[in-house]
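All values below come from the heavy atoms of this structure, side chains included, with hydrogens, waters and symmetry mates left out.
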Amino acid sequence: MLRKVRRRPELHLGRGNLDFEKLVAFVQGVDIGTNHRLLDGFREYLILRLGEESAYWWPDLVIKVCVPHSVPQPEREEDIRAAVGGLFDLLDEFLAEFAEDRSRRRVFQEYILWKQGLSFYDLDLERFQSSPPPELGSVEAAVITLDTTRTAFFDLVAAGELEVFRAGATALVRSSQIAELLTRQHKALGVEPSEMA
């Protein structure tokens, strides 16, 4: 479909010059129509292409790959054409290598492996959104502390009341979340904190 749009943009995007913003809006619409499967992993793919970490959104990364002297936005006609053509090329390559009907897990794995080699990479920050990591306890200890079952514990996780982290095969939970949950449970039962065992 994107190749058809590239050949005859006026049929799909209306008359007039094809500008980069119009094409980005079209691609985003297609992505929404695929439940965000079309562009899943595209940003990571672009970062790997650039070879540098970035907080940029994918359209900005496309510009950085195709017309780096035009960041943040191409203004000259030839730069706009290069950005439009570059976006089509990059999507074509990405979708050929990581087709929708195949897993995109490989691009994410490559991105994570690449990122781990960066000098500023912090595994604790990546895993726990905190460096140093927060005080953590095992899921097994949390189940005992909350006097519940594993199923009920993971129901709380599914409801968003608890967040589980992983360090390899070990599932961990923030100790502060368990304490907060215990306090709420005791308040609901009318038990004062001083009465807690």
Is the shortest side-chain heavy-atom distance between V139 and F154 below 4.5 Å? yes
Residue pair I47 / E52, side-chain heavy-atom distance below 4.5 Å: no
Euclidean distance, T148 OG1 relative to L181 CG, rounded to 0.5 Å: 9.0 Å
Rounded to the nearest 0.5 Å, what's the gap from OG1 on T183 to NZ on K187? Could you check? 6.5 Å
Any V173 side-chain heavy atom under 4.5 Å of L136 side chain: no
Tell me which pairs pass salt bridge (charged side-chain N to carboxylate O under 4.0 Å, His left out) where either residue lies in residues 129-142, with sequence neighbours left out. E140-R150
Can you see which heavy atom on W58 is nearest to which on L46, and at what distance? O-CD1, 3.6 Å
Can you confirm whether F26 sits close enough to L2 that some side-chain heavy atom of one is under 4.5 Å from a side-chain heavy atom of the other? yes
Residues E126, K115: salt bridge by 4.0 Å N-O rule: yes
State, to 0.1 Å, how close F20 and I80 come at their nearest heavy-atom pair, and which atoms those are. N-CG2, 4.1 Å
For the atom pair CG (L113) and CZ (F108), what is the distance rounded to the nearest 0.5 Å? 13.5 Å
Taking every non-hydrogen atom, the tightest pair across S54 and L61: OG-CD2, 3.6 Å
Within a 6.0 Å radius of atom CD on E75, are there more than 12 heavy atoms belonging to other residues, nucleotides or ligands? no
Has the side chain of D124 got a donor or acceptor atom that lies under 3.5 Å from a matching backbone atom of P132? no
Taking all non-hydrogen atoms of both residues into account, name the closest pair between V84 and D19 and its distance. CG2-C, 3.9 Å
Give a yes or no on whether the backbone of L38 and the side-chain of T34 come within a donor-acceptor separation of less than 3.5 Å. yes
Are Q109 and E44 close enough that some pair of their side-chain heavy atoms sits under 4.5 Å apart? no
Give the cluster check for V5 versus I32: same hydrophobic cluster or not, with ILVMFWY residues linked at side-chain heavy-atom distances below 4.5 Å. no
So which atom in V67 and which in D79 form the shortest heavy-atom distance, rounded to 0.1 Å? CG1-O, 3.9 Å
Whether the side chain of H186 engages the backbone of L182 through a donor-acceptor N/O pair (distance < 3.5 Å, no angle test) should be reported. yes
Does L125 reach the side chain of Y121, with side-chain heavy atoms less than 4.5 Å apart? no
Residues F42, V62; criterion side-chain contact (heavy atoms from CB on, under 4.5 Å); working and verdict: CA-CA 10 Å; F42 187 52; V62 168; 4.1 Å; yes
Does V24 belong to the same Ile/Leu/Val/Met/Phe/Trp/Tyr cluster as I63, with side-chain heavy atoms less than 4.5 Å apart forming each link? yes
Hey, is the main chain of F98 close enough, under 3.5 Å, to the side chain of R104 for a donor-acceptor pair? yes
How would you list all residue pairs meeting side chain to side chain donor-acceptor pair (under 3.5 Å) that involve residues 155-181, not counting sequence neighbours? E161-R184
Hydrophobic clusters here meaning ILVMFWY residues chained together by side-chain heavy-atom distances under 4.5 Å, can you tell me if L146 and L172 are in one? no
I need the R105 CZ to D40 CG distance, nearest 0.5 Å. 12.0 Å
Evaluate whether atom OH of Y56 has more than 12 neighbouring non-hydrogen atoms of other residues, nucleotides or ligands under 6.0 angstrom away. no
Of all heavy-atom pairs linking V164 and A171, the shortest is CG1-CB, 3.9 Å
Is the backbone of D122 close enough, under 3.5 Å, to the side chain of R127 for a donor and an acceptor to pair up by distance? no
Between the side chains of E53 and Y111, is a donor N or O closer than 3.5 angstrom to an acceptor N or O? yes
Common cluster, L95/F88, ILVMFWY with side-chain heavy-atom separation under 4.5 Å: yes
Co-membership, hydrophobic cluster, residues V157 and I144, 4.5 Å side-chain: no
Tell me, do T149 and V143 make a side-chain contact under 4.5 Å, heavy atoms counted? no
So does L90 get a backbone contact from the side chain of R49, meaning a donor-acceptor N/O pair under 3.5 Å? no
Distance, nearest 0.5 Å, that separates CZ of F128 from CG of L123: 7.0 Å
